[in-house]
> 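Handing you a structure now.
Start at 1 with the first residue, then count along the sequence.
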Amino acid sequence: EKWEANRIGASFPPIRISDSEWLLPTHGKQDDIVGYTQSFMILKDRPNQLPVVSHRCTERLMYAKQKWELEGRFTIPCMFPCGAVVIDGELIIGYGAADERIGIARVNFDELVSYIRRFPVK
């Protein structure tokens, strides 16, 4: 996707969805103007093999918008999740912003997983 043209990678460790599936956050960088943004994919376990990507959201779901997320020591917008936990059905994500601050994002875990399932890997 265009928003991840320069680089792509995993953000924080995967979170178990079921006995055989994991939610994996990913980051991408388009360029120094758009900067680093986040999305998610679902991995499916396979017996005696590495997991396979079953769903991969093509949209960027988290990106720097607030002034404190955009301006820092560097001029590249950067929102980079470093960890998350599911509490009472809510995915709570801690993220670094503009290499100088931290933020917390919250989303309903089941709704996020359902949304990611709309993007099957072909």
> Looking only at non-hydrogen atoms, find the nearest pair between Asp19 and Asp45 and report the distance.
O-OD2, 3.8 Å
> Where do Gln30 and Asn6 come nearest, in terms of heavy atoms and distance?
O-CB, 3.4 Å
> Taking all heavy atoms of Ala97 and all of Trp68, pick out the closest pair and write down the distance.
CB-CZ3, 3.7 Å
> Would you say Glu59 and Tyr115 are linked by a side-chain donor-acceptor pair, where the criterion is simply a distance under 3.5 Å?
yes
> Can any side-chain N or O of His27 pair as donor or acceptor with the backbone N or O of Gly9 at less than 3.5 Å?
yes
> Met41 and Trp3: same hydrophobic cluster, using ILVMFWY side-chain contacts below 4.5 Å?
no
> Closest approach of Gly96 and Cys82, non-hydrogen atoms and distance?
N-SG, 4.5 Å
> Please tell me if the side chains of Leu61 and Phe40 come closer than 4.5 Å, counting only heavy atoms from C-beta onward.
yes
> Would you sort out whether Gln38 and Thr26 count as a side chain to side chain donor-acceptor pair (under 3.5 Å), showing the intermediate values?
CA-CA 6 Å; Gln38 306 298 308; Thr26 61; over 6 Å; no
> Which residue, Met62, Arg7, Met79, Arg60, forms the side chain to side chain contact (heavy atoms under 4.5 Å, CB included) with Tyr36?
Arg7
> Do other residues, nucleotides or ligands put more than 12 heavy atoms under 6.0 Å from Tyr63 OH?
no
> Is it possible for you to say whether Ile17 and Leu24 belong to one hydrophobic cluster, with membership spreading through side-chain heavy-atom contacts below 4.5 Å?
no
> May I ask you to say whether Lys29 pairs ionically with Asp32, meaning some side-chain N is under 4.0 Å from a carboxylate O?
yes
> Any luck finding a side-chain donor-acceptor pair between Glu69 and Tyr95 under 3.5 Å?
yes
> Does Phe12 share a hydrophobic cluster with Ile116, counting links as ILVMFWY side-chain heavy atoms below 4.5 Å and allowing steps through other members?
yes
> Does the side chain of Pro81 reach to within under 4.5 Å of the side chain of Pro25, using non-hydrogen atoms?
no
> From the options Arg46, Arg16, Arg117, select the one residue that forms a salt bridge (Lys or Arg N to Asp or Glu O under 4.0 Å) with Glu21.
Arg117
> Quick check: is Val113 connected to Val86 through a chain of hydrophobic side chains (ILVMFWY, heavy atoms under 4.5 Å apart)?
yes
> Group every Ile, Leu, Val, Met, Phe, Trp and Tyr by side-chain heavy-atom contacts under 4.5 Å, then state whether Ile104 and Val85 land in the same group.
yes
> For a 4.5 angstrom cut-off between non-hydrogen side-chain atoms, does Phe109 reach Ile15?
yes
> Less than 4.0 angstrom from a charged side-chain N to a carboxylate O is my criterion; do Glu1 and Arg56 meet it?
no
> Any idea which heavy atoms bring Ile33 and Asp31 closest together, and the distance?
N-OD1, 2.9 Å
> Go through Leu23 and Leu112 one step at a time and tell me if the side-chain contact (heavy atoms from CB on, under 4.5 Å) criterion holds.
CA-CA 10 Å; Leu23 181 69; Leu112 175 63; 3.9 Å; yes
> Can you measure from CG (Asp88) to CG (Asn108) and round to the nearest 0.5 angstrom?
11.0 Å
> Return the minimal non-hydrogen interatomic distance between Pro77 and Val34, and the atom names on each side.
CB-O, 3.7 Å
